[in-house]
Amino acid sequence: MLRLFCAAADSSSFKEAAARLGTSPQAITRAVKELEEAVGEVLFHRNTRGMQITEFGTQLAEHAREMVTGVDSLFRPSDSHSDRDLAGVVRITAPSTIGRRYLLRSLLPLLSQHPGIKLELSVTNLVTHVVDKKIDIGVRIGLPRDNRFVVRPVAKVDFFVVATPEFIAKWGVPRNPQDLSAVPTIELTDGNTGRIWPWYFSRGMQFTPSMPVLVTDDPEVECDAVLAGMGYGQISNHLAEHHIGAGRLMTVLDSYQPEPWELYVYRPQRGPVPARIRLVFDRIVEILSDPDTFNEGR
């Protein structure tokens with residue numbers, strides 16, 4: 001009704017207003033009549049020579065234009081964003097290593113460019129319930145646990161069985177996964193279940209060594225313990241590769257190396273996605289898809 005009234009206020013006749021909006025003069029007449037009844041005032045003086053807006057109608061048209069413009073901006077297409085569209089909180093959950101080493105620093109330029117965006121970054125190895133915690137974006141390694149997520153695979157994660165050269169010289173090289181039962185190992189627990197993660201090998205083989213000298217729920221602590229010469233560990237490439245390249249760690253059981261796992265970015269399917277969340281989601285996908293990100297993070 002207000003849109004039709006504004007068109008009439010900006011035109012010389014109801015016919016002209018109808019042509020501008022692609023409707024009929026009768027629709028304009030009906031809208032103006034209903035609006036006059038609603039506000040209890042005459043909005044146009046009409047005679048055989050045409051129409052003229054009243055003083056009250058002129059004042060009402062000024063306010064109506066602001067309201068119509070506000071509604072139009074609310075439903076502006078998503079590819080045209082102002083700073084106001086990109087303001088608000090974006091809640092992210094990511095594994096501790098990925099969040100600390102790669103995401104935070106890489107997202108800083110985006111936050112500088114759009115200061116209205118506020119991040120809540122939860123670095124945890126627990127699988128966060130995205131609905132209960134109102135998480136907007138998640139990063140995980142492995143298989144998605146909910147098919148209602150929008151999922152973007154971004155990289156492959158390899159796992160190596162490693163130890164220091166000094167440890168290997170003392171304890172020997174295992175010929176198969178079962179040999180790990182006779183040597184000290186560092187174990188990682190699944191914080192979601194409290195159980196020790198099995199070690200994964202090719203052809204679907206799993207094995208849980210029986211001589212852990214340290215059990216932790218933090219992959220970085222696990223890696224540090226291996227670097228300290230405490231035992232063998234199965235470490236992801238993000239933590240192990242640069243130590244392997246520098247000679248601080250050596251791989252064993254290479255012929256049993258498992259298939260790589262997926263690193264993926266996901267978000268819940270909750271209807272329309274706010275511009276700020278789509279922007280951060282796309283930026284995280286770009287960051288974690290770039291191999292240089294992990295090289296620079298070392």
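In this structure, the separation between NE2 on H242 and CG on L249 is 8.5 Å, given to the nearest 0.5 Å. With rounding to the nearest 0.5 Å, the separation of OG1 in T58 from CD in Q52 is 8.5 Å. In this structure, L119 CG and R91 CZ are separated by 11.0 Å, a value rounded to the nearest 0.5 Å. Note that the OG1 atom of T97 and the CD1 atom of I141 stand 7.5 Å from one another [nearest 0.5 Å]. How far OG of S106 is from CG of D290: 9.0 Å, rounded to the nearest 0.5 Å. Annotation: the span from L279 atom CG to D282 atom CG amounts to 7.0 Å, rounded to 0.5 Å.
In this structure, V139 and P95 have side chains that are in contact, with non-hydrogen atoms separated by less than 4.5 Å. The shortest distance between side-chain heavy atoms of D136 and V280 does not fall below 4.5 Å. With contacts defined as side-chain heavy-atom distances shorter than 4.5 Å, the pair I135/I92 does not qualify. Q234 has its side chain out of reach of W197: every pair of non-hydrogen atoms, C-beta onward, lies at least 4.5 Å apart.
E259 is linked by a side chain to side chain donor-acceptor pair (under 3.5 Å) to nothing, counting only residues two or more places apart in sequence or in another chain. Evaluation of the side chain to side chain donor-acceptor pair (under 3.5 Å) rule for Q178 yields no partner, not counting sequence neighbours. Not counting sequence neighbours, T208 has no partner by the side chain to side chain donor-acceptor pair (under 3.5 Å) test. Residues satisfying the side-chain contact (heavy atoms from CB on, under 4.5 Å) criterion with L104, sequence neighbours excluded, are L121. Under the side chain to side chain donor-acceptor pair (under 3.5 Å) criterion, E187 pairs with T185, W199, not counting sequence neighbours. The side-chain contact (heavy atoms from CB on, under 4.5 Å) check on P165 picks up M250, with sequence neighbours excluded. For P174, the side-chain contact (heavy atoms from CB on, under 4.5 Å) partners at least two apart in sequence or on another chain are D179, L180, Y232, V252, L253. Applying the side-chain contact (heavy atoms from CB on, under 4.5 Å) test to E286 and every residue at least two apart in sequence or in another chain returns R283.
Surrounding CZ of R248 are more than 12 heavy atoms belonging to other residues, nucleotides or ligands, all under 6.0 Å away. The environment of CD in Q206 is crowded: more than 12 heavy-atom neighbours from other residues, nucleotides or ligands sit within 6.0 Å. By the 6.0 Å contact criterion, CE on M67 is open, its count of non-hydrogen atoms from other residues, nucleotides or ligands being 12 or less. The environment of E55 atom CD is sparse: at most 12 non-hydrogen atoms of other residues, nucleotides or ligands sit within 6.0 angstrom.
Heavy atoms only, all atoms of each residue included: S202 and Q257 are closest at CB-O, 3.6 Å. H45 approaches T54 most closely through the heavy-atom pair NE2-CG2, 3.5 Å. Of all heavy-atom pairs spanning I117 and L86, the tightest one is CG1-O, 2.8 Å. The shortest heavy-atom contact between P177 and F201 is CB-CE1, 3.7 Å. When all heavy atoms of F56 and V39 are compared, the closest pair comes out as CE2-CG2, 4.0 Å.
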Inset, instruction - Evaluate side-chain contact (heavy atoms from CB on, under 4.5 Å) for W261 paired with S236, printing each intermediate quantity in order. - result: CA-CA 10 Å; W261 290 24; S236 72; over 6 Å; no

Legend entry - Stepwise side-chain contact (heavy atoms from CB on, under 4.5 Å) test for T93 and Y266: CA-CA 10 Å; T93 180; Y266 67 93; 3.8 Å; yes

Inset, instruction - Please report the C-alpha distance between V90 and E120 in whole Å, then the side-chain angles of each, then the deciding distance to 0.1 Å, and finally whether the side-chain contact (heavy atoms from CB on, under 4.5 Å) criterion is met. - result: CA-CA 6 Å; V90 179; E120 290 185 7; over 6 Å; no

Inset, instruction - List the steps and the verdict of side-chain contact (heavy atoms from CB on, under 4.5 Å) for F281 and V265. - result: CA-CA 8 Å; F281 182 90; V265 184; 3.6 Å; yes

Which atom pairs, donor and acceptor, lie under 3.5 Å between side-chain atoms of residues 3-16 and protein residues at least two apart or in another chain?
{"from": "R3", "atom 1": "NH2", "to": "D72", "atom 2": "OD1", "distance (Å)": "2.9"}
{"from": "D10", "atom 1": "OD1", "to": "R65", "atom 2": "NE", "distance (Å)": "3.4"}
{"from": "D10", "atom 1": "OD1", "to": "R65", "atom 2": "NH2", "distance (Å)": "2.6"}
{"from": "S11", "atom 1": "OG", "to": "A7", "atom 2": "O", "distance (Å)": "2.6"}
{"from": "S11", "atom 1": "OG", "to": "R20", "atom 2": "NH1", "distance (Å)": "3.0"}
{"from": "S12", "atom 1": "OG", "to": "E16", "atom 2": "OE1", "distance (Å)": "2.5"}
{"from": "S13", "atom 1": "OG", "to": "E16", "atom 2": "N", "distance (Å)": "3.1"}
{"from": "E16", "atom 1": "OE1", "to": "S12", "atom 2": "N", "distance (Å)": "3.2"}

Under 3.5 Å, which donor-acceptor pairs do the side chains of residues 151-161 form with other protein atoms, sequence neighbours left out?
{"from": "K156", "atom 1": "NZ", "to": "E262", "atom 2": "OE2", "distance (Å)": "2.8"}

Name the atoms and distances for all side-chain donor-acceptor pairs under 3.5 Å in residues 219-231, with sequence neighbours left out.
{"from": "E220", "atom 1": "OE1", "to": "R101", "atom 2": "NE", "distance (Å)": "3.3"}
{"from": "E220", "atom 1": "OE1", "to": "R101", "atom 2": "NH2", "distance (Å)": "3.4"}
{"from": "E220", "atom 1": "OE2", "to": "R100", "atom 2": "NH1", "distance (Å)": "3.0"}

Listing, residues 22-35 side-chain donor-acceptor contacts under 3.5 Å, not counting sequence neighbours, or none:
{"from": "S24", "atom 1": "OG", "to": "A27", "atom 2": "N", "distance (Å)": "3.2"}
{"from": "T29", "atom 1": "OG1", "to": "P25", "atom 2": "O", "distance (Å)": "3.0"}

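Here the side chain of T164 pairs a donor or acceptor atom with the backbone of F167 at under 3.5 angstrom.
Transitive grouping of hydrophobic side chains (ILVMFWY, heavy atoms separated by less than 4.5 Å) brings L263 and L103 into a common cluster. The hydrophobic clustering, which links ILVMFWY residues whose side-chain heavy atoms are closer than 4.5 Å, places I235 and Y102 apart. V215 and Y200 end up in different hydrophobic clusters when Ile, Leu, Val, Met, Phe, Trp and Tyr side chains are linked at under 4.5 Å. A continuous path of Ile, Leu, Val, Met, Phe, Trp and Tyr side chains, each step under 4.5 Å between heavy atoms, connects L111 with V123, placing both in one hydrophobic cluster.
Residue I196 is tested with D190, T189, L188 for a side-chain contact (heavy atoms from CB on, under 4.5 Å); the sole match is T189.
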